[in-house]
A.B. asks: 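Before anything else, here's the structure in question.
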Amino acid sequence: MAQAAAVAKPPAPPRRRRASATPRRLPYLLIAPAALLMLGFIAYPVISVFYYSLQNYNPTKPWRNGYAGFDNFVHAFTDDPQFWDTLTFSAKWVVVEVGLQLLFGLALALIVNQTFVGRALGRALVFSPWAVSGVLTSAIWVLLYNSQTGITRYLADAGIGEYGTSWLSDTSTVFPAAIVADLWRGVPFFAILILADLQSVSKDLYEAAEVDGASRLKQFWHITLPHLKDAIVLSTLLRAVWEFNNVDLLYTLTGGGPAGETTTLPLYIANTSVDAHNFGYASALTTVAFVILLFCSMVYLRLSKFGGEGK
């Protein structure tokens, strides 16, 4: 007797549960505290500066406080020659500092990237100045430039120069003296970033170039430099912004002197707000500096084609 095989009915697929919204929102909930702190500590001060730039605000003269409109900006561009002097010096300071730091940083990175005895110690010595704060750096160089116990005294002992000479109080030497002091701390920044990018260059490229008869100079120009393009663009942009906003080193080293020879725009803003208590005008100058940095950064990134195919 034939028996009909009972065909088992396949079990129904399990019903999909609606994905809970909580796991999808969890990353946003986790970063919410940090985002709120950043909003409070960054966005609020920026908005406050924009607000006070349109005000006459001086706590020592409250009877003059009130809405000023664009008077602070008009005064800066038309009636304040010190604004233009400090802006010009800031541009000069940034161009010279960033250019020299890039040049020496690139040279140091290429040197410590080679294999030699004591390379680890050499890298530590090269990078160590970057770990020193700006105020401590300026304090070290103030001692080095001291006319009684510093470099000038030993030079005078060797018959070079005169005793009692102070490079920081002479208008003809204060700029190069400040440049050297900031170079000591700024060069390692470029060396660190460039060396990190050099580590990723394939050695096969150099071996193939040597087989083709390319010299060291051609290898650097056609292999190393194109590979370092983005690192150089990013490091120069970051360092330019930092050097433009440099206050701690110049304030401690020279105080903006002598005769205002080393007063940058941020240092002038600090003196206007802290010493003169003219927070409205200082806020307007800060807004101008912000717009200048934003515009120059956008133009620089656009002209350098940062992130594009350059390797």
A.B. asks: Can you find a pair of side-chain heavy atoms, one from Tyr251 and one from Asn246, that are under 4.5 Å apart?
C.D. replies: no
A.B. asks: Using modelled atom types and a 3.5 Å cut-off, is there a donor and acceptor pairing between side-chain atoms of Ser273 and backbone atoms of Ala270?
C.D. replies: yes
A.B. asks: Mind checking whether Asn72 and Thr287 have side chains closer than 4.5 Å, heavy atoms only?
C.D. replies: no
A.B. asks: Output the rest of the hydrophobic cluster of Met38: all Ile, Leu, Val, Met, Phe, Trp and Tyr residues reachable through side-chain heavy-atom contacts under 4.5 Å, sorted by chain and number.
C.D. replies: Ile42
A.B. asks: Restricting to non-hydrogen atoms, name the atom on Ser138 and the atom on Leu249 that form the minimum distance, rounded to 0.1 Å.
C.D. replies: CB-O, 3.7 Å
A.B. asks: Got Val49 and Phe290 here, is their nearest side-chain heavy-atom distance under 4.5 Å?
C.D. replies: no
A.B. asks: Taking the side chain as C-beta and beyond, is there a heavy-atom pair between Leu39 and Tyr44 under 4.5 Å?
C.D. replies: no
A.B. asks: Show the nearest heavy-atom pair for residues Phe41 and Pro45, with the distance to one decimal.
C.D. replies: O-CG, 3.3 Å
A.B. asks: Before giving the answer on side chain to side chain contact (heavy atoms under 4.5 Å, CB included), spell out for Leu237 and Val233 the whole-Å C-alpha distance, their side-chain angles and the decisive distance to 0.1 Å.
C.D. replies: CA-CA 6 Å; Leu237 178 60; Val233 170; 5.5 Å; no
A.B. asks: Test side chain to side chain contact (heavy atoms under 4.5 Å, CB included) on Ser200 and His227; report intermediate values, then the result.
C.D. replies: CA-CA 9 Å; Ser200 63; His227 187 90; 3.0 Å; yes
A.B. asks: State whether the side chain of Thr262 and the backbone N or O of Thr254 hold a donor-acceptor pair below 3.5 Å, judged by distance alone.
C.D. replies: no
A.B. asks: Mind checking the CG-OH spacing from Asp80 to Tyr281? Nearest 0.5 Å is all I need.
C.D. replies: 3.5 Å
A.B. asks: So for atom CZ, which belongs to Phe244, do other residues, nucleotides or ligands contribute more than 12 heavy atoms lying within a distance under 6.0 Å?
C.D. replies: yes
A.B. asks: Verify the neighbour count for atom OH of Tyr154: are there more than 12 heavy atoms of other residues, nucleotides or ligands below 6.0 Å?
C.D. replies: no
A.B. asks: Over 60° means perpendicular and under 30° means parallel, so classify the ring planes of Tyr52 and Tyr57, tilted if in between.
C.D. replies: tilted
A.B. asks: Any side-chain heavy-atom pair from Thr236 and Tyr300 closer than 4.5 angstrom?
C.D. replies: yes
A.B. asks: Counting only N and O atoms by type, is there a donor-acceptor contact under 3.5 Å from the side chain of Arg64 to the main-chain atoms of Asn56?
C.D. replies: no
A.B. asks: For the atom pair OG (Ser128) and CH2 (Trp184), what is the distance rounded to the nearest 0.5 Å?
C.D. replies: 6.5 Å
A.B. asks: Hey, quick one: are Phe50 and Ile292 part of the same hydrophobic cluster, counting side-chain heavy atoms closer than 4.5 Å, chains of contacts allowed?
C.D. replies: no
A.B. asks: Hey, what do you get for CD1 (Ile223) to NZ (Lys218), rounding to the nearest 0.5 Å?
C.D. replies: 12.0 Å
A.B. asks: Nearest 0.5 angstrom please: Gln82 CD to Thr272 OG1, how far?
C.D. replies: 7.0 Å
A.B. asks: Under a 3.5 Å distance rule, please check whether Ser147 uses its side chain to pair with a backbone N or O of Ser166 as donor and acceptor.
C.D. replies: no
A.B. asks: Answer yes if Phe279 and Leu265 sit in the same cluster of Ile, Leu, Val, Met, Phe, Trp and Tyr residues linked by side chain heavy atoms under 4.5 Å apart, and no otherwise.
C.D. replies: no
A.B. asks: Is there a continuous path of hydrophobic side-chain contacts, each under 4.5 Å between heavy atoms, that joins Val98 to Leu103?
C.D. replies: no
A.B. asks: Write down the atom of Pro258, the atom of Leu168, and the distance for their closest heavy-atom approach.
C.D. replies: CD-O, 3.5 Å
A.B. asks: Give the cluster check for Leu144 versus Leu136: same hydrophobic cluster or not, with ILVMFWY residues linked at side-chain heavy-atom distances below 4.5 Å.
C.D. replies: yes
A.B. asks: Start with the C-alpha gap between Val180 and Tyr145, add the side-chain angles, then the distance that decides, and say whether side chain to side chain contact (heavy atoms under 4.5 Å, CB included) holds.
C.D. replies: CA-CA 11 Å; Val180 171; Tyr145 288 146; 3.7 Å; yes
A.B. asks: Using the ring pair (Phe, Tyr, Trp, His ring centres under 6.0 Å) definition, which of the options Phe77, Phe73, Phe89, Tyr268 pairs with Phe83?
C.D. replies: Phe77
A.B. asks: Give me the ring orientation class for Trp130 and Phe189: parallel if the planes are under 30° apart, tilted from 30 to 60°, perpendicular past 60°.
C.D. replies: tilted
A.B. asks: Atom CD in Gln101, atom CZ in Arg185: separation rounded to 0.5 Å?
C.D. replies: 10.0 Å
A.B. asks: Report the residues that fulfil salt bridge (Lys or Arg N to Asp or Glu O under 4.0 Å) with Arg239, sequence neighbours left out, ordered by chain and then residue number.
C.D. replies: Glu243
A.B. asks: Could you tell me which non-hydrogen atom of Ala191 sits nearest to which non-hydrogen atom of Leu108, and how far apart they are?
C.D. replies: CB-CB, 4.3 Å
A.B. asks: For Arg216, is the CZ atom crowded, meaning more than 12 foreign heavy atoms sit under 6.0 Å from it?
C.D. replies: no
A.B. asks: Got a second to check how far Asp71's CG is from Ser53's OG, nearest 0.5 Å?
C.D. replies: 11.5 Å
A.B. asks: Under a single-linkage definition using a 4.5 Å side-chain heavy-atom cutoff for Ile, Leu, Val, Met, Phe, Trp and Tyr, are Leu234 and Leu225 assigned to the same hydrophobic cluster?
C.D. replies: yes
A.B. asks: Is the number of heavy atoms from other residues, nucleotides or ligands within 6.0 Å of OH (Tyr51) greater than 12?
C.D. replies: no
A.B. asks: Between Leu125 and Pro129, what is the shortest heavy-atom contact and its length?
C.D. replies: O-CD, 3.5 Å
A.B. asks: Where is the tightest heavy-atom contact between Leu253 and Val142, given as atom of each residue plus distance?
C.D. replies: CD1-CG2, 3.6 Å
A.B. asks: For the side chain of Asp212 and the backbone of Ala214, is there at least one donor-acceptor N/O pair under 3.5 Å apart?
C.D. replies: no
A.B. asks: Going by heavy atoms in the side chains, are Phe190 and Phe104 under 4.5 Å from each other?
C.D. replies: no
A.B. asks: List the steps, then state whether side chain to side chain donor-acceptor pair (under 3.5 Å) holds for Thr224 with Tyr206.
C.D. replies: CA-CA 9 Å; Thr224 305; Tyr206 295 104; 2.6 Å; yes
A.B. asks: Verify side chain to side chain contact (heavy atoms under 4.5 Å, CB included) between Leu195 and Val112, making sure each step is shown before the conclusion.
C.D. replies: CA-CA 8 Å; Leu195 177 62; Val112 298; 3.9 Å; yes
A.B. asks: Counting C-beta onward and ignoring hydrogens, is there a side-chain heavy-atom pair between Asp230 and Asp197 closer than 4.5 Å?
C.D. replies: no
A.B. asks: Would you confirm whether Asn65, through its side chain, and Asn58, through its main-chain N or O, come within 3.5 Å as a donor-acceptor pair?
C.D. replies: yes
A.B. asks: Who passes side chain to side chain donor-acceptor pair (under 3.5 Å) against Gln199, sequence neighbours left out?
C.D. replies: Asn113
